[in-house]
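I have placed the structure first, in the form of structure tokens, so that the comments after it can refer back to it.
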Amino acid sequence: MKTFEGKLVSESIRIGIVAARFNEFITSKLLSGAIDALTRHEVKEEDIELAWVPGAFEIPLLAAKMAKSGRYDAIICLGAVIRGSTTHYDYVCSEVSKGIANVSLSNDIPVMFGVLTTENIEQAIERAGTKAGNKGFDCAVGAIEMVNLIREFDRI
Ligand SMILES: Nc1c(NC[C@H](O)[C@H](O)[C@H](O)CO)[nH]c(=O)[nH]c1=O
Ligand SMILES: CC(=O)[C@@H](O)COP(=O)(O)O
């Protein structure tokens, strides 16, 4: 049975990161986790570029610009959307998730969804480097895997 899988070796992988400043206490830790994962898997620092946006709602636009630039093999989107007292949370989460998926499919490039969508700050803290791991780290590993998987698949 022919099986394709993305290995975690990183021959010259170029990564774009889009991070939201909103809830920076959380997103900065997601970013640290992502960069830690990338450098541990030997992605060169000069092959990592970062764009800060005001909030998660703005992530898809910068992700689209990065995707269309042709300068990256994968894009990692990082944010933290934490429910407040209105329905704003629902609209932000919906548009960010749809927007990121659309950028990936319409530009044929891995765009990793590293946007926390949580009911409260505690849940976000747990997923930004404490007891539930670091979603930024996880997304970075996934980005490397996807790039290598696609390279292997396209070689056939
Ligand atoms: N409440 C959160 C936001 N809100 C801001 C929006 O993302 C956007 O920047 C604003 O509506 C202007 O377009 N953003 C987050 O990233 N996280 C939140 O919890
Ligand atoms: C996710 C949000 O936009 C939310 O944090 C905003 O808070 P609120 O709904 O109380 O205005």
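Just so you know, ligand 1 is whichever comes first in the structure, and atom 1 is the first atom listed for that ligand.
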Kindly give the heavy-atom pair with the smallest separation between [X] and [Y], and that separation in Å.
X: S104; Y: P110; value: OG-CA, 4.0 Å
X: I75; Y: A63; value: CD1-O, 3.4 Å
X: A67; Y: V103; value: CB-CG1, 3.9 Å

#### Entry: E145 vs L8 side-chain heavy atoms within contact, under 4.5 Å
yes
### Task
Could you pull out every protein residue that has a heavy atom closer than 4.0 Å to ligand 2, ordered by chain and then number?
V81, I82, G84, S85, T86, H88, Y89
Counting only pairs under 3.5 Å, give me each side-chain donor-acceptor contact of residues 44-58, with atom names and distances, residues two or more places apart or in other chains.
residue, atom, partner, partner atom, Å
E49, OE1, R71, NH2, 3.4
E49, OE1, Y72, OH, 2.3
E58, OE1, G55, N, 3.0

In residues 132-143, what donor-acceptor pairs under 3.5 Å come from side-chain atoms, sequence neighbours left out?
residue, atom, partner, partner atom, Å
N134, OD1, G136, N, 2.7
N134, OD1, F137, N, 3.1
N134, ND2, K29, O, 3.0

### Query
Given the rule in the side-chain contact (heavy atoms from CB on, under 4.5 Å) test, do T27 and E24 qualify, once you have shown the distances and angles that lead to the verdict?
CA-CA 5 Å; T27 60; E24 190 177 355; 4.0 Å; yes
### Task
Look only at the side chain of N148 and the backbone of I144, and say whether a donor-acceptor pair between them is shorter than 3.5 Å.
yes
### Message
Heavy-atom contacts with ligand 1 below 4.0 Å: which residues, ordered by chain and residue number?
### Response
F22, N23, G55, A56, F57, E58, A80, V81, I82, H88
### Message
Among V18, I35, L38, L31, exactly one meets side-chain contact (heavy atoms from CB on, under 4.5 Å) together with I76. Which residue is that?
### Response
L38
